Amino acid sequence: MRSQVVPARSWSEVTMASRHVEAGVHRVPRAPHHRIMVHGSAATRSYCNQVGRYFVRRAGDIDLVPAGQEGGFEAETPFDTIEIALQPALMERVAAELGCKAQALRLDTRHLLRDSRIEHLARALGSDLDVNSPGGSLFADSIGTALAVRLLGLDGSEIDRPNRLSDAQLQRVLEHIEAALHEPLSIHRLSQVAGASSSHLRTWFKVATGVTLHRYVLRRRVERARMLLLQGHLGTSEVAALTGFAHQSHLAHWMRREIGQTPRDLRRATRPK
């Protein structure tokens, strides 16, 4: 496929790239991963070689190409798209965790799929990467799991809902987060701490706390940074390192976004007059 690609961001099981595709003939080769492509342009007419017909894609339309499948099309005009790749191992693990039937793993190629949940998850992943969130792989892991859950449910597959997190499980996760705010945190790591599947933890953590796991970690990092800054013993770069931010500008950005104050604002407010 001839396209201009914004460098892809990749984790162990999720990859995302923004693409600008030129008009013309394009081939979609076989790949070892599932591909979710969310159309990002106004009405774009193209001919699909696989089904032998024309399609008109609009912003938000989704194409799903399962692992091992190929395709091809001819676009009449250029267009933009978000492409997310999910590893089959992720789908298999989530299906096992949620008790899906085996046939649910056999995904079909889909064109012009409209699904607000998939579209929202794809755009949330892109937006989070654009602002370089301090959540590290935690947010991408959560999005990948949520996408897998949604894909498994497209055909109305039956999923056995797990029990909620026990008080002890939730407490272990909260204590581990507090002790490791300065370290990269992944949903896999936290699910091991909880003794629960990643799908179970992602779903029921929000039920228990009212916020997503990623959001909770972000807020705790900002609050820890605020407390350290108010103590006045450490420089801003040291505080950033101790709370999981890439650098002091990164810290300032997220403090402004979360609490409406930057490290400089805090220091000015607490400076003796």
Side-chain angles (χ1 to χ4, degrees), residues 8-19 28 31-40 57-69 71 81-129 133 135 137-165 186-188 190-191 196-208 211-215:
R9 290 292 298 274
S10 178
W11 300 266
S12 58
E13 295 175 316
V14 185
T15 300
M16 191 210 79
S18 297
R19 303 182 184 277
V28 181
H33 48 258
H34 305 304
R35 285 166 287 188
I36 302 169
M37 290 166 279
V38 182
H39 197 73
R57 289 176 174 80
R58 295 174 172 81
D61 282 340
I62 299 163
D63 289 291
L64 172 62
V65 181
Q69 298 296 313
T81 186
I82 296 172
E83 181 174 326
I84 296 175
L86 297 182
Q87 295 299 326
L90 172 62
M91 296 285 295
E92 292 167 5
R93 187 177 69 253
V94 171
E97 292 171 352
L98 297 183
C100 285
K101 295 180 179 180
Q103 59 264 33
L105 289 174
R106 293 196 293 271
L107 298 177
D108 296 320
T109 299
R110 291 173 178 259
H111 300 292
L112 300 182
L113 174 67
R114 298 295 298 192
D115 188 284
S116 58
R117 190 181 309 177
I118 293 176
E119 182 184 0
H120 171 76
L121 291 168
R123 298 194 185 284
L125 181 57
S127 298
D128 199 72
L129 295 176
S133 167
S137 67
L138 180 59
F139 188 68
D141 290 344
S142 299
I143 290 290
T145 299
L147 285 169
V149 170
R150 184 56 186 153
L151 291 178
L152 290 168
L154 283 177
D155 294 316
S157 304
E158 294 182 7
I159 297 176
D160 296 330
R161 294 297 178 187
N163 295 324
R164 299 183 181 224
L165 290 173
S186 67
I187 196 166
H188 175 69
L190 293 176
S191 66
S197 72
S198 57
S199 302
H200 185 169
L201 177 61
R202 184 188 66 83
T203 300
W204 295 110
F205 185 91
K206 184 174 182 180
V207 171
V211 295
T212 64
L213 188 55
H214 167 260
R215 194 72 180 173

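The analysis underlying the following values was restricted to heavy atoms, covering all of them including side chains, and did not include hydrogens, waters or symmetry mates. For clarity, every value in this text was computed on a predicted model and none was experimentally measured.
Residues satisfying the salt bridge (Lys or Arg N to Asp or Glu O under 4.0 Å) criterion with Arg57, sequence neighbours excluded, are Asp63. Every residue meeting the ring pair (Phe, Tyr, Trp, His ring centres under 6.0 Å) condition with His111, not counting sequence neighbours, appears here in chain and number order: Phe55. By the salt bridge (Lys or Arg N to Asp or Glu O under 4.0 Å) test, Arg93 pairs with Glu13, Glu97, sequence neighbours left out. By the side-chain contact (heavy atoms from CB on, under 4.5 Å) test, Ala196 pairs with Leu165, Gln169, Ala194, His200, sequence neighbours left out. Under the side-chain contact (heavy atoms from CB on, under 4.5 Å) criterion, Ala96 pairs with no residue at all, not counting sequence neighbours. With sequence neighbours excluded, no residue forms a side chain to side chain donor-acceptor pair (under 3.5 Å) with His33. Shown here are the side chain to side chain donor-acceptor pair (under 3.5 Å) partners of Gln69, two or more places apart in sequence or in another chain: there are none. With sequence neighbours excluded, the residues satisfying side-chain contact (heavy atoms from CB on, under 4.5 Å) with Thr212 are Lys206, His214, Arg215.
The distance from atom CE of Met91 to atom CG of Leu147, rounded to the nearest 0.5 Å, is 9.5 Å. Taken from CG in Leu90 to CD in Glu92, the straight-line distance is 9.5 Å, to the nearest 0.5 Å. Interatomic distance, CD1 of Ile143 versus CD1 of Ile187, reported as 10.0 Å (0.5 Å rounding). Between atom CG of residue Leu113 and atom CD1 of residue Ile36 there is a gap of 9.5 Å, rounded to the nearest 0.5 Å.
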*Stepwise side-chain contact (heavy atoms from CB on, under 4.5 Å) test for Ile84 and Thr15*: CA-CA 6 Å; Ile84 296 175; Thr15 300; over 6 Å; no
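Residues Met16 and Glu83 are not in side-chain contact: their nearest non-hydrogen atoms beyond the backbone lie 4.5 Å or more apart. Side-chain contact check for His39 versus Leu112: every heavy-atom pair is 4.5 Å or farther apart. Counting heavy atoms from C-beta outward, Val94 and Leu151 have side chains that stay 4.5 Å or more apart. Under the 4.5 Å side-chain criterion, counting only non-hydrogen atoms from C-beta, Arg35 is not in contact with Leu64. Side-chain contact between Asp108 and Pro66 is absent, with no heavy-atom pair separated by less than 4.5 Å. In this structure, the side chains of Met37 and Ile82 stay at 4.5 Å or more apart for every pair of heavy atoms.
With Thr81 contributing its side chain and Arg19 its backbone, the two residues share no donor-acceptor pair below 3.5 Å.
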